[in-house]
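Working notes for the structure below.
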Amino acid sequence: VFAPAVIVVQPPLVEYGYHRQNSIGLDFETTSHGIGFRGEGVFTTNDRFTTASPFDADHSTAKNSTTFVVGADYTFKNDVYVNMQYSGKYIFDYSRDLQPVRKYEDSVILNLSRKFMRDDLKLSLNVRYSFKTPVGYYIAPELHYRLGDHSQLRFFVNLFGGDKPSTFGQFEANDQVGVEVKFTF
């Protein structure tokens, strides 16, 4: 059971709480000829969504939804790893005041990676693309370099784009570039 936190502001009070929701799901995983196949699905009652309705005090509403992901992965002989997934979410009792979601949303997720220099260097690319109008995408290349037994350097870029009302297009002006140094003891 997952219950997202909400903050309700009704001056002069600010309340923090959780909306109860229930989830039931199933998953599978198998391999054939070196290809991994997996999938999972979940039905959620009282899933929370942002709303533009002036009648919702906390600007959210509860709707039942179902979410699924199916995909496959494979590592080629040259050590290139490929993982491709298809993801979908359907909202029951949909209303147009939900923002920025649609009744059914789907996307393709792609992950490519390869290690070099005796696994000290790893290059990866993550891409997520939403098909339906409004179209949106997320592109995230990364470089991981092991500096020593207990330290690692990571360089990453997060690029958002697409139509403004899409899940990713709304963050188009929030692209990120970062460097992270990690030490473990």
Worked check of salt bridge (Lys or Arg N to Asp or Glu O under 4.0 Å) between K63 and D93 | CA-CA 7 Å; K63 302 282 184 182; D93 192 27; 3.6 Å; yes
Does Y86 reach the side chain of D106, with side-chain heavy atoms less than 4.5 Å apart?
-> yes
For residues 22-42, which residue pairs qualify under salt bridge (charged side-chain N to carboxylate O under 4.0 Å, His left out), counting only residues two or more places apart or in two chains?
->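 Residue pairs with at least one partner in residues 22-42: E29-R38, R38-D73.
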What residue pairs, at least two apart or across chains, pass salt bridge (charged side-chain N to carboxylate O under 4.0 Å, His left out) with a residue in residues 159-173?
->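 Matches after skipping sequence neighbours: K164-E172.
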Where [X] and [Y] come nearest, the two heavy atoms and their spacing:
X    : Y    : answer
T31  : G36  : CG2-CA, 4.0 Å
Q21  : T45  : CB-O, 3.0 Å
S113 : S124 : CB-CB, 3.7 Å
F37  : S32  : CE1-CB, 4.2 Å
N46  : R20  : CB-O, 3.5 Å
S130 : V135 : O-CG1, 3.5 Å

Are [X] and [Y] connected, step by step, through hydrophobic side chains (Ile, Leu, Val, Met, Phe, Trp, Tyr) whose heavy atoms are closer than 4.5 Å?
X    : Y    : value
M117 : L147 : yes
Y90  : I109 : no
V177 : V179 : yes
L26  : F68  : no

Members sharing V69's hydrophobic cluster (side chains within less than 4.5 Å) |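 Its cluster mates, by chain and number: none.
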Members besides F171 in its Ile/Leu/Val/Met/Phe/Trp/Tyr cluster (side-chain heavy atoms under 4.5 Å) |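 In the cluster with F171 are Y138, F160, F168.
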Rounded distance [0.5 Å steps], [atom1] in [X] versus [atom2] in [Y]:
X    : Y    : atom1 : atom2 : answer
L125 : L143 : CG    : CG    : 12.5 Å
F116 : K122 : CZ    : NZ    : 12.0 Å
T75  : I35  : OG1   : CD1   : 11.0 Å
L123 : R114 : CG    : CZ    : 9.0 Å
K103 : S95  : NZ    : OG    : 10.5 Å
H144 : F155 : NE2   : CZ    : 12.0 Å

If a pair satisfies side chain to side chain donor-acceptor pair (under 3.5 Å) and one of its residues is in residues 176-185, list it, with sequence neighbours excluded.
->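 Residue pairs passing side chain to side chain donor-acceptor pair (under 3.5 Å), neighbours aside: N158-Q176.
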Side-chain H-bond candidate by donor/acceptor type, N111 with Y81, under 3.5 Å | no
Validation row, ring centre F185 to ring centre F183 under 6.0 Å = no
For R146, side-chain contact (heavy atoms from CB on, under 4.5 Å) partners two or more places apart |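 If we apply the side-chain contact (heavy atoms from CB on, under 4.5 Å) test to R146, skipping adjacent residues, the hits are D120.
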